[in-house]
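The structure presented is a predicted model; accordingly, all values stated were derived computationally and were not measured. Naming convention: chains lettered A, B, ... in sequence-line order (proteins, then strands); numbering from 1 in each chain.
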Protein chains: 2
Amino acid sequence: MVSEVKAQLELFFKNWFNKDRKPRQTGQKGLSIIGQRNRLQYIILGLLNQRSQTGYDLTKAFDHEIGEFWQAQHSQIYPMLKRMETDGEITHQDAVTGEKLAKKVYQLTHKGRQKLEAWISEPSPELTATKDEFILKLYFIRSADDPRIPAMIHEQVTLHQAQLDHLHLRMATVFPDQAAIDAAYGHYLILEHAIERETQYLAWLNRH
Amino acid sequence: MVSEVKAQLELFFKNWFNKDRKPRQTGQKGLSIIGQRNRLQYIILGLLNQRSQTGYDLTKAFDHEIGEFWQAQHSQIYPMLKRMETDGEITHQDAVTGEKLAKKVYQLTHKGRQKLEAWISEPSPELTATKDEFILKLYFIRSADDPRIPAMIHEQVTLHQAQLDHLHLRMATVFPDQAAIDAAYGHYLILEHAIERETQYLAWLNRH
DNA sequence: GATCCCATGTAACGTGTTACATGATTTT
DNA sequence: AAAATCATGTAACACGTTACATGGGATC
């Protein structure tokens, strides 16, 4: 009885006093596969480090440039930009398209660039869960003779073949020569990796 | 002019009448890579379809069985089980370990089994963003001579080699013979896929 | 009796998605 | 003039993680 009341009181006062951000420590889990801790800000820093751009430009970059690796909608990006500017990692200049269409061109501050470099330099000791819905469905199919398997595989072949075609196209357009590769080596590496990944995925699908 | 007023009126009445839960349609985006729409419930249905078990058992399954494909903590699982029971997809029996340690053994209802089958049968037309932090960091490295690259790659080699070893071990223990494969064919396929994926990842890493 | 595992929950918060909301510019 | 694209925001809600909280059972 008494302890219940005590616990509730403690909770009340804790809530009362801890209005501001709590620093949470990471928690070591070895080979664990864990979730996301605001990686979005780092990706925005990285994109802005490549060139100054607007929130709208960043939104399109998530759609087209790095869509295979990260997703973000403008409703997430605009508030994040405000927060990062408040934190002193980025600043913006106002610009105008045409007569009066206002836009904000963001760029890194020194602090932002340091934060980006620190992020890149720190370890990445975690694996990420795949979250491939087709794979999950397959997991729950017991029998090799299940009549749904052929159509499911065919659908995925179509999907991943389209993705592979898209990646090949991007490789050809973004990296037409060695100079382009030298100018964005990491980008080249991950495109290569993505192509190999899709190729292997398709080979596996086509084998079954 | 008129059309503007009309649109605002429409919006007003829409907001006025739609106080309760809005049914949200999926929104076709072609080859888009979109987010999660409560897949957890289906995974729980699938796991319970394999055998009746407790929330604790399910939590462990997420840690060990399907950790490569989906993650969930017990703090997410227990509320989901309650919700699914309210929705009539699962039921539970109370059981006791030892003298008085209560536990709840959940199993599918007919409705739950139907929902699971419907989910497996519906299309999976979406690709999933990878969200691999190492890949993101690499994307932002411009130069092939960047001094951080070797250590980054070495770290990932260690990580993915450990994962591959783990997958090989699971393959050997879960599928020691053809009978085991026949009893859980989908599980076999995705383990095979995961091993190939890690093998390819490692080959790519070791090449650079 | 200490430690680890079994077992179930809630609270707080951060992240991500969809929908709402508005207006300018360019293209067809 | 209609449609698509540029451009920026907020609101509501769903999802996911970490932390808080409690207690029984088994093993050393």
Colleague: For A/Gly98 and A/Met80, take the nucleotide of DNA chain C holding the closest heavy atom to each; which residue's nucleotide lies nearer the 5' end?
Modeller: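 Result: A/Met80.
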Colleague: With a 4.0 Å limit, can you tell me whether B/Tyr56 has a side-chain N or O closer than that to the phosphate oxygens OP1/OP2 of C/dC6?
Modeller: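 Yes.
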Colleague: Has A/Tyr78 got a side-chain N or O lying under 4.0 Å from the OP1 or OP2 atom of D/dT8?
Modeller: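 Answer yes for this pair, as a side-chain N or O of A/Tyr78 is under 4.0 Å from OP1 or OP2.
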Colleague: Can you identify which nucleotide, out of C/dC6, C/dA7, D/dG16, has its nearest atom closest to the B/Trp70 side chain?
Modeller: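 Nucleotide nearest to B/Trp70's side chain: D/dG16.
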Colleague: Find the distance B/His74:NE2 to D/dA21:P and express it as a whole number of Å.
Modeller: 13 Å
Colleague: Between B/Tyr106 and A/Thr97, which has a closest nucleotide on DNA chain C that is more 5'?
Modeller: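 By nearest-heavy-atom nucleotide position, the 5'-most residue is B/Tyr106.
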Colleague: Does B/Glu122 offer a backbone N or O that forms a donor-acceptor pair with the side chain of A/Lys137 under 3.5 Å?
Modeller: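 Checked: pair present.
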Colleague: Take the protein atom NZ of A/Lys131 and the nucleotide atom P of C/dG16, then report the distance between them rounded to whole Å.
Modeller: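 After rounding, the reported distance stands at 11 Å.
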Colleague: Any side-chain N or O of A/Lys104 less than 4.0 Å from the OP1 or OP2 oxygen of D/dG9?
Modeller: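 Yes, within the criterion.
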Colleague: C/dT22 P sits how many Å from A/Leu101 CG, rounded?
Modeller: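 Those two atoms, CG and P, are 17 Å apart.
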Colleague: Please determine if a side-chain N or O atom of B/Gln73 lies less than 4.0 Å away from the OP1 or OP2 oxygen of D/dT17.
Modeller: yes
Colleague: I would like to know whether A/Asp132 and A/Tyr201 meet side chain to side chain donor-acceptor pair (under 3.5 Å); could you show each step before the answer?
Modeller: CA-CA 12 Å; A/Asp132 180 324; A/Tyr201 201 124; 2.7 Å; yes
Colleague: If an axis is fit to five pairs at each end of the helix from C/dG1-D/dC28 to C/dT28-D/dA1, what is the angle between the two, to the nearest 10°?
Modeller: 30°
Colleague: Among D/dG9, C/dT10, C/dT25, which nucleotide sits nearest the side chain of B/Pro79?
Modeller: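 Taking heavy atoms from C-beta onward, the closest nucleotide is C/dT10.
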Colleague: Can a donor-acceptor pair be found between the side chains of B/His208 and A/Glu192 at a distance below 3.5 Å?
Modeller: yes
Colleague: Taking CG from A/Leu58 and P from D/dA7, how many angstroms apart are they, rounded to a whole number?
Modeller: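 Those two atoms, CG and P, are 12 Å apart.
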Colleague: Determine the contact category for A/Thr54: base if any of its heavy atoms lies under 4.0 Å from a base atom, sugar-phosphate if only primed atoms, P, OP1 or OP2 are that close, otherwise nothing.
Modeller: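 Sugar-phosphate contact only - A/Thr54 comes under 4.0 Å of backbone atoms but never of a base.
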Colleague: Taking 4.0 angstrom as the limit, do A/Glu155 and A/Arg148 come out as a salt bridge?
Modeller: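 No salt bridge links A/Glu155 with A/Arg148.
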Colleague: Would you say the side-chain atoms of B/Gln53 pair up with the backbone N or O of B/Leu47, donor to acceptor, closer than 3.5 Å?
Modeller: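 Confirmed, B/Gln53 side chain pairs with B/Leu47 backbone.
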Colleague: With a 4.0 Å cutoff (strictly under), does any side-chain N or O of B/Lys100 reach OP1 or OP2 of D/dG25?
Modeller: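 False: B/Lys100 side-chain N/O out of range (4.0 Å or more) of D/dG25 OP1/OP2.
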Colleague: A/Arg39 side chain N/O closer than 4.0 Å to the phosphate oxygens (OP1, OP2) of C/dG16?
Modeller: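 False: A/Arg39 side-chain N/O out of range (4.0 Å or more) of C/dG16 OP1/OP2.
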Colleague: With sugar-phosphate meaning primed atoms plus P, OP1 and OP2, does A/Thr59 contact a base, only sugar-phosphate, or nothing at under 4.0 Å between heavy atoms?
Modeller: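 Here A/Thr59 touches no strand at all.
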Colleague: Are A/Asn38 and C/dG14 close enough that a side-chain N or O sits under 4.0 Å from OP1 or OP2?
Modeller: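 No, A/Asn38 has no side-chain N/O under 4.0 Å of OP1/OP2 on C/dG14.
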Colleague: Is a side-chain donor or acceptor of B/Asp57 paired with a backbone partner of B/Thr54 at a separation under 3.5 angstrom?
Modeller: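 Side chain of B/Asp57 to backbone of B/Thr54: a pair is present.
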Colleague: So does A/Lys82 get a side-chain nitrogen or oxygen closer than 4.0 Å to the phosphate oxygens (OP1/OP2) of D/dT8?
Modeller: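 No, outside the criterion.
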Colleague: Rounding to a whole Å, what distance do you find between B/Asp94:CG and C/dA7:P?
Modeller: 13 Å
Colleague: Nearest whole angstrom, please: distance from the C1' of C/dG9 to the CD of B/Gln76.
Modeller: 15 Å
Colleague: Would you confirm whether B/Thr158, through its side chain, and B/His154, through its main-chain N or O, come within 3.5 Å as a donor-acceptor pair?
Modeller: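 Yes: the side chain of B/Thr158 pairs with the backbone of B/His154.
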Colleague: Between C/dG16 atom P and A/Ile44 atom CD1, what is the distance in whole Å?
Modeller: 10 Å
Colleague: Taking atom C1' of C/dT15 as reference, at what distance in whole Å does atom CZ of B/Arg37 sit?
Modeller: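 Value for this atom pair: 17 Å.
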Colleague: Can you spot which of B/Arg113, B/Arg83, B/Lys82, B/Lys115 makes a salt bridge (Lys or Arg N to Asp or Glu O under 4.0 Å) with B/Glu89?
Modeller: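 Among B/Arg113, B/Arg83, B/Lys82, B/Lys115, the one meeting salt bridge (Lys or Arg N to Asp or Glu O under 4.0 Å) with B/Glu89 is B/Lys115.
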